[in-house]
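Everything below concerns the one structure shown next.
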2 protein chains.
Amino acid sequence: MATPSMEDYLERIYKLIDEKGYARVSDIAEGLEVHPSSVTKMIQKLDKDNYLIYEKYRGLILTPKGKKMGKRLMDRHELLENFLTTIGVHEDNIYKDVEGIEHHLSWDSITCIETLLEYFRRDPSRADELMNVRKELEAEN
Amino acid sequence: MATPSMEDYLERIYKLIDEKGYARVSDIAEGLEVHPSSVTKMIQKLDKDNYLIYEKYRGLILTPKGKKMGKRLMDRHELLENFLTTIGVHEDNIYKDVEGIEHHLSWDSITCIETLLEYFRRDPSRADELMNVRKELEAEN
DNA sequence: TACTTGGCGTAGCCATTGCTATATTTCCCC
DNA sequence: GGGGAAATATAGCAATGGCTACGCCAAGTA
């Protein structure tokens, strides 16, 4: 079973490969805001657990297991980002919050959040009304 | 700054004192499903950080700082439970999901979720419409 | 008062995951 | 093809927060 930290790395790696075709240690480190030495260490663990195949100094590729997991993680991450954006969370807080919670929600909750997003997408005036509530609450304090 | 684990303990302690008037090591341990020795260790840390005052073998009381924090944590927990309930998450999943995410949300996100709840409270038909979206999405699959 | 027992505390271990400092490899440019 | 800079790897340390094993206190009972 993957720890939250392992999921963070896998997700990042998947995204980098998806966008740039490869995932370098330094890119992963920058994205997760950790030092390169931490990345190397974690990559070795992910290799040992068969999420990827790693060759020292030469790079890595995801195994089918790693790809499948990575895609699920990335989709879930994007969903949660959209959710927080929709309800008005400040952009500066979104990445950190999503990274914190994404590993701890059941698929039931994920599905319900998906539905909630669809609810706001279908009628944009709903988001406007939400913002009105916000303004009223702010005016009270 | 309190770590997630420290928050778990504080919240539990606050709730125990709120409900029973006192918080024994064994009650805390049972509630959090850890061993009593772990509780003692954490209590000492919370004492050192002035969240509570602890006397060996005799018990503990929360400082004003600890009470304030404990109340906030408990309120946050309840808010998140209400949120998941409102969007239709199955009751069996709620407690575990809230336990997982409660320590990882900025107060900005908490406020936005509070607003979202108020939005649904002000007009109950909104929740009905959300459930309609859910049914439509379920029908598609 | 003395004993027993259950609750509590301490010491020390382990895993996780970050860090710094240092070594090694690769790549690019001359 | 060789030298140096950039990238990557390794070693070893620290904090966190569990655990087990064992020692200590104190309340209830005889």
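First the proteins, then the strands, lettered A, B, ... as listed; each starts at 1.
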Could you tell me how far apart [X] ([atom1]) and [N] ([atom2]) are, to the nearest whole angstrom?
X: A/His103; N: C/dT16; atom1: NE2; atom2: P; answer: 16 Å
X: A/Gln44; N: C/dT16; atom1: CD; atom2: C1'; answer: 15 Å
X: B/Tyr22; N: C/dC8; atom1: OH; atom2: P; answer: 10 Å
X: A/Leu46; N: C/dT16; atom1: CG; atom2: P; answer: 12 Å
X: B/Asp8; N: D/dT16; atom1: CG; atom2: P; answer: 16 Å
X: B/Lys45; N: D/dG18; atom1: NZ; atom2: C1'; answer: 12 Å
X: A/Ile43; N: C/dG18; atom1: CD1; atom2: C1'; answer: 15 Å
X: B/Arg24; N: D/dA26; atom1: CZ; atom2: C1'; answer: 14 Å

Does B/Asp75 come within less than 4.0 Å of B/Lys71, counting only side-chain N to carboxylate O? yes

Nucleotide of [options] approaching [X] most closely (side-chain heavy atoms):
X: B/Tyr54; options: C/dC8, C/dG9, D/dA11; value: C/dG9
X: A/Val34; options: D/dG17, D/dA9, C/dC19; value: C/dC19
X: A/Tyr57; options: C/dG18, D/dG17, C/dT25; value: C/dT25
X: A/Ser26; options: D/dT8, D/dG18, C/dG18; value: D/dT8

Can the ring centres of B/Phe83 and B/Tyr119 be said to be less than 6.0 Å apart? no

So does [X] get a side-chain nitrogen or oxygen closer than 4.0 Å to the phosphate oxygens (OP1/OP2) of [N]?
X: A/Thr3; N: C/dT17; value: yes
X: B/His35; N: D/dG18; value: no
X: B/Tyr9; N: D/dG18; value: yes
X: A/Lys56; N: D/dT10; value: yes
X: B/Ser38; N: D/dC19; value: yes

Ignoring hydrogens and angles, does a donor from either the side chain of A/Ser37 or the base of D/dT8 sit under 3.5 Å from an acceptor on the other? no

Regarding A/Asp108 and A/Ser106, do their side chains bring together a donor and an acceptor under 3.5 Å, going by distance alone? no

Given salt bridge (charged side-chain N to carboxylate O under 4.0 Å, His left out), test B/Arg122 with A/Glu129 step by step and report yes or no. CA-CA 11 Å; B/Arg122 287 195 180 183; A/Glu129 287 167 22; over 6 Å; no

Between B/Glu55 and A/Lys41, who's closer to the 5' end of DNA chain C by nearest nucleotide? B/Glu55

Residues 9-20 of chain A, side-chain donor-acceptor partners within the protein, below 3.5 Å, at least two apart:
residue, atom, partner, partner atom, Å
A/Glu11, OE2, A/His77, ND1, 2.7
A/Arg12, NH1, A/Tyr95, OH, 3.3
A/Lys20, NZ, A/Asp27, OD2, 2.9

